[in-house]
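Given the structure is predicted, the values throughout are model-derived calculations rather than measurements.
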Amino acid sequence: QAAPDVERQISQTLSAAPVEITGTLEMTTITIQELLQLAVGDVITTDHPVSRPILVHVEGERKYTGQLGQYRGSKALRILGPASGPASGR
(Lines give C-alpha, C1' and ligand atoms only; values in the text may rest on other atoms or scores of the structure.)
Protein backbone atom coordinates (compact mmCIF):
# COMPACT_ATOMS: atom_id res chain seq x y z
CA GLN A 1 0.00 0.00 0.00
CA ALA A 2 2.90 2.40 0.66
CA ALA A 3 4.28 2.11 -2.88
CA PRO A 4 1.17 3.55 -4.63
CA ASP A 5 1.10 6.43 -2.12
CA VAL A 6 4.76 7.19 -2.78
CA GLU A 7 4.20 6.99 -6.54
CA ARG A 8 1.23 9.36 -6.30
CA GLN A 9 3.23 11.84 -4.21
CA ILE A 10 6.17 11.75 -6.65
CA SER A 11 3.81 12.16 -9.60
CA GLN A 12 2.08 15.17 -7.98
CA THR A 13 5.44 16.78 -7.17
CA LEU A 14 6.82 16.26 -10.68
CA SER A 15 3.65 17.47 -12.39
CA ALA A 16 4.29 20.97 -10.98
CA ALA A 17 8.02 21.02 -11.89
CA PRO A 18 9.03 23.61 -14.51
CA VAL A 19 10.27 22.26 -17.84
CA GLU A 20 12.41 24.23 -20.31
CA ILE A 21 10.95 24.33 -23.82
CA THR A 22 12.80 26.06 -26.65
CA GLY A 23 11.97 26.57 -30.30
CA THR A 24 14.81 27.00 -32.78
CA LEU A 25 14.07 29.15 -35.82
CA GLU A 26 17.35 29.02 -37.63
CA MET A 27 21.00 29.14 -36.73
CA THR A 28 22.69 32.30 -37.96
CA THR A 29 25.97 34.05 -37.42
CA ILE A 30 26.82 37.64 -36.63
CA THR A 31 30.14 39.33 -36.03
CA ILE A 32 31.43 40.21 -32.56
CA GLN A 33 31.00 43.88 -33.53
CA GLU A 34 27.34 43.28 -34.41
CA LEU A 35 26.85 41.41 -31.13
CA LEU A 36 28.34 44.25 -29.11
CA GLN A 37 26.09 46.76 -30.88
CA LEU A 38 22.81 44.86 -30.32
CA ALA A 39 20.18 46.96 -28.63
CA VAL A 40 16.56 46.58 -27.55
CA GLY A 41 14.40 46.58 -30.65
CA ASP A 42 17.09 45.31 -33.04
CA VAL A 43 16.00 42.52 -35.37
CA ILE A 44 18.21 39.58 -36.34
CA THR A 45 17.02 38.18 -39.66
CA THR A 46 17.34 34.57 -40.80
CA ASP A 47 16.57 32.67 -43.98
CA HIS A 48 13.89 30.63 -42.16
CA PRO A 49 10.55 30.97 -44.01
CA VAL A 50 7.65 31.79 -41.69
CA SER A 51 5.67 28.89 -43.16
CA ARG A 52 8.37 26.28 -42.35
CA PRO A 53 8.01 24.44 -39.02
CA ILE A 54 10.60 24.97 -36.29
CA LEU A 55 12.28 22.43 -34.03
CA VAL A 56 11.01 22.26 -30.45
CA HIS A 57 13.36 21.03 -27.71
CA VAL A 58 12.27 19.90 -24.24
CA GLU A 59 15.08 20.08 -21.68
CA GLY A 60 17.58 20.25 -24.57
CA GLU A 61 16.23 17.17 -26.35
CA ARG A 62 14.68 17.47 -29.82
CA LYS A 63 11.07 16.34 -29.37
CA TYR A 64 8.64 18.08 -31.75
CA THR A 65 8.13 20.27 -34.76
CA GLY A 66 6.01 23.34 -34.27
CA GLN A 67 4.56 26.41 -35.93
CA LEU A 68 4.91 29.93 -34.55
CA GLY A 69 1.80 32.06 -34.30
CA GLN A 70 -0.53 33.89 -31.95
CA TYR A 71 -3.23 32.69 -29.59
CA ARG A 72 -5.57 35.09 -27.82
CA GLY A 73 -3.18 37.97 -28.41
CA SER A 74 -0.08 36.16 -27.13
CA LYS A 75 2.81 34.69 -29.05
CA ALA A 76 2.32 30.94 -29.30
CA LEU A 77 3.87 27.71 -30.53
CA ARG A 78 1.60 25.00 -31.94
CA ILE A 79 2.97 21.46 -31.74
CA LEU A 80 2.65 19.83 -35.15
CA GLY A 81 4.11 16.41 -34.42
CA PRO A 82 7.15 14.47 -33.27
CA ALA A 83 10.57 15.57 -34.48
CA SER A 84 12.51 13.32 -36.79
CA GLY A 85 16.28 12.98 -36.94
CA PRO A 86 18.85 13.06 -34.13
CA ALA A 87 17.24 13.14 -30.69
CA SER A 88 19.73 15.35 -28.87
CA GLY A 89 19.65 19.08 -29.40
CA ARG A 90 22.72 19.88 -27.29
Side-chain angles (χ1 to χ4, degrees):
Q1 186 77 353
D5 290 339
V6 171
E7 287 180 17
R8 189 176 328 107
Q9 184 177 8
I10 290 172
S11 178
Q12 288 173 347
T13 301
L14 289 177
S15 68
V19 176
E20 180 183 79
I21 298 175
T22 58
T24 304
L25 266 179
E26 186 87 21
M27 297 298 222
T28 191
T29 57
I30 61 174
T31 66
I32 294 293
Q33 186 65 32
E34 291 169 324
L35 175 65
L36 294 173
Q37 293 177 348
L38 281 178
V40 173
D42 285 353
V43 176
I44 300 172
T45 60
T46 71
D47 293 329
H48 189 97
V50 173
S51 61
R52 192 169 86 209
I54 65 169
L55 293 175
V56 180
H57 296 82
V58 177
E59 292 295 327
E61 295 293 318
R62 181 184 294 187
K63 295 292 184 186
Y64 306 103
T65 58
Q67 186 68 47
L68 295 175
Q70 286 191 348
Y71 181 74
R72 296 184 179 174
S74 296
K75 293 176 182 75
L77 175 63
R78 178 185 302 269
I79 301 299
L80 299 176
S84 58
S88 179
R90 288 189 179 173

Practice item. Check the pair V56, K63 against side chain to side chain contact (heavy atoms under 4.5 Å, CB included), reporting the backbone distance first and the verdict last. Key: CA-CA 6 Å; V56 180; K63 295 292 184 186; 5.9 Å; no
Check your understanding: About how many Å separate CD1 of I21 and OH of Y64, when rounded to the nearest 0.5 Å?
Key ->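 Atom-to-atom, Y64:OH and I21:CD1 are 8.0 Å apart.
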**Study point:** Nearest-0.5 Å distance, OG of residue S15 to CD1 of residue I10
**Key:**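 Reported to 0.5 Å precision, the distance equals 12.0 Å.
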Point to revise | Side chain to side chain, H57 and T24, heavy atoms closer than 4.5 Å | key: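 The answer is yes, as the side chains (C-beta and beyond) meet within the 4.5 Å cut-off.
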Practice item. Take V58 and T22, measure what side chain to side chain contact (heavy atoms under 4.5 Å, CB included) needs, and give me the verdict at the end. Key: CA-CA 7 Å; V58 177; T22 58; over 6 Å; no
Got a list of side-chain donor-acceptor pairs under 3.5 Å for residues 35-50, not counting sequence neighbours?
from, atom 1, to, atom 2, distance (Å)
D42, OD2, A39, N, 2.7
T46, OG1, H48, N, 3.2
H48, ND1, L25, O, 2.6
H48, ND1, E26, OE1, 3.1
H48, ND1, R52, NH2, 3.0
H48, NE2, R52, O, 3.0

Review point. Same cluster or not: are Y71 and I79 linked, directly or through other Ile, Leu, Val, Met, Phe, Trp or Tyr residues, by side-chain heavy atoms under 4.5 angstrom apart?
Key: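 The answer is no; the residues belong to distinct hydrophobic clusters.
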Practice item. Applying side-chain contact (heavy atoms from CB on, under 4.5 Å), name anything that partners R8, two or more places apart in sequence or on another chain. Key: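 Scan of R8 (side-chain contact (heavy atoms from CB on, under 4.5 Å), adjacent residues dropped) gives D5, Q12.
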Review point. By side-chain contact (heavy atoms from CB on, under 4.5 Å), which residues pair with L80, not counting sequence neighbours?
Key: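 Applying side-chain contact (heavy atoms from CB on, under 4.5 Å) to L80 gives P53, T65, Q67, R78.
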Check your understanding: More than 12 heavy atoms of other residues, nucleotides or ligands under 6.0 Å from CG of L14: is that the case?
Key ->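 Atom CG in L14 is crowded, with more than 12 foreign heavy atoms closer than 6.0 Å.
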Check your understanding: Under 3.5 Å, is there a donor-acceptor pair between the side chain of T13 and the main chain of Q9?
Key ->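 Yes; at least one donor-acceptor contact below 3.5 Å.
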